[in-house]
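Inspection log for the structure reproduced underneath, given as structure tokens.
In what follows, chains carry the letters A, B, and so on, assigned in the order in which the sequence lines appear, proteins first and then strands, with residues in each chain numbered from 1. The basis for the numbers below is simple: all heavy atoms, side chains too, and nothing from hydrogens, waters or symmetry mates.
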Protein chains: 2
Amino acid sequence: MSHTLGLRQAQKQKTRQALLDAALGLLEDQSLSSLGLREVTRAVGVAPTAFYRHFRSTADLGVALVEEALGSLHPMIRTIVSSAGDSDQRIERAVELIDRHVQTHPAHVRFIARERHGGVQSVREAIQGQLARFAEEVTDALAKDPVSEGWDDEDLLMLANLYVDQMLITASLFLDVLEAPEEQRHRVAQAATRRMRLISIGREHWLEG
Amino acid sequence: MSHTLGLRQAQKQKTRQALLDAALGLLEDQSLSSLGLREVTRAVGVAPTAFYRHFRSTADLGVALVEEALGSLHPMIRTIVSSAGDSDQRIERAVELIDRHVQTHPAHVRFIARERHGGVQSVREAIQGQLARFAEEVTDALAKDPVSEGWDDEDLLMLANLYVDQMLITASLFLDVLEAPEEQRHRVAQAATRRMRLISIGREHWLEG
DNA sequence: CCATGCAGTTAACAACTGTTCTCTGGAATT
DNA sequence: AATTCCAGAGAACAGTTGTTAACTGCATGG
């Protein structure tokens, strides 16, 4: 599928990626709406005008970052929903997977958490679009689970959204304690596990009331 | 308790409030980290330097906005937790209260949702501090509820945090459909109600497993 | 009634921003 | 080998930013 692109295109994608990486770094302590294009090019060591060869604006760059950040999250979600074992085992594995992902992609997680409700409309929309796709995927997985027998579509989607939001909240909490001592990080993991467990219990008794 | 302050102080607080209001308006489509002090003073119709009579920086103004925004939320939380009736009735009333609050204070809700994970550290910390106080308050209310008999403190705090996060998510969802047709707004209310109900069911069966 | 305090003004500063136009060197195409 | 293409450089633009300093006028307290 992928052509072995010429030196030309290869170099272009290289600086494009450099711009994305530099931006992600700068966004550690500011929001996208205050990120300047000169700031980014300066960090890469390239002329300000070179920016336009890759992005129309910093908002445009932001949308590209959404693809990158949530693209890396997609396989994780697949792994979680297709996980085997009983409820508690699956929850523990999910929390651990989220923890790992935050440790390996902290900047991506921070970017999504920050810009999900951030000041740039196009980026907010891009994130919401991707999250809607995640929820859809989770819904499909839930529908195949025997626990969800008798559930109508609206309730399945409701639960899927609850899970997706919970995943993001958990990721954000792990991010807050990234540099904290192991003991505190463990407490966050335990609290997240309990949250998921309570939701899981609610799910099992949903059709009783 | 409150002195009838002189004309002097009265006028000062007036322009201070004007600065806060103008900032809140400007933050409708940008983040605090990109809000300039000149931008704010221009919107108020006052000299840029006047800003310093009230705030050290825009970050400082942001912290003041946190007090204002979450201060107005505090009484609402009290009303919700002290609400009487069975579980479903309380949930419906809570969702409706949140809906009302979003309609009457949309800018406040947007500000909190945006800056909770935003690019300004001092503001993030201020918000987290206030939310921790909310969770504490909810914990106390839960402890007095017969449904929570036998729960340990950690689980109570876990549930309280879950409720607080859920409240913010719900508020943010209402915000997204503020200008949407009634039908869509109703669907959001229903989904939020169901979420809360599922959590409530999980709560009732928590000690069984 | 006079002296002090202080909210807000005016002017100026160096530094920074996004965007346009023109140019260049080397890869890609023929 | 000659030609086209295009990622990136360079310079210049008008406009913006935060911050400093010295000021003015009016409410305040003696």
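- Evaluation of the side chain to side chain donor-acceptor pair (under 3.5 Å) rule for B:R185 yields B:D99, B:E182 as partners, not counting sequence neighbours.
- Partners of B:T15 by side chain to side chain donor-acceptor pair (under 3.5 Å), not counting sequence neighbours, listed by chain and number: B:H54.
- Partners of A:E39 according to the salt bridge (charged side-chain N to carboxylate O under 4.0 Å, His left out) rule, which considers only residues two or more places apart in sequence or in another chain, do not exist here.
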Sort me out a list of protein N/O and nucleotides 13-16 of chain D N/O pairs below 3.5 Å, or just none if empty.
none

What pairs of nitrogen or oxygen atoms, one from the protein and one from nucleotides 22-25 of chain C, lie under 3.5 Å apart?
none

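- In the region residues 43-52 of chain A, proximity to DNA chain C at under 4.0 angstrom, judged on heavy atoms, holds for A:T49, A:Y52.
- Within residues 14-29 of chain B, no residue is approached by DNA chain D to less than 4.0 Å at the level of any non-hydrogen atom.
- Partners of A:D29 under the salt bridge (charged side-chain N to carboxylate O under 4.0 Å, His left out) rule, at least two apart in sequence or in another chain, do not exist in this structure.
- In this structure, B:H108 and B:H105 have parallel ring planes: the angle between them is below the 30° cut-off, well short of the 60° mark.
- For B:R38, there are no side chain to side chain donor-acceptor pair (under 3.5 Å) partners, not counting sequence neighbours.
- Residues satisfying the side chain to side chain donor-acceptor pair (under 3.5 Å) criterion with B:D140, sequence neighbours excluded, are absent altogether.
- Legend: residues meeting ring-ring contact (aromatic ring centres under 6.0 Å, His included) with B:H186, ordered by chain and number and at least two apart, are absent.
- Partners of A:E28 by salt bridge (charged side-chain N to carboxylate O under 4.0 Å, His left out), not counting sequence neighbours, listed by chain and number: A:R110.
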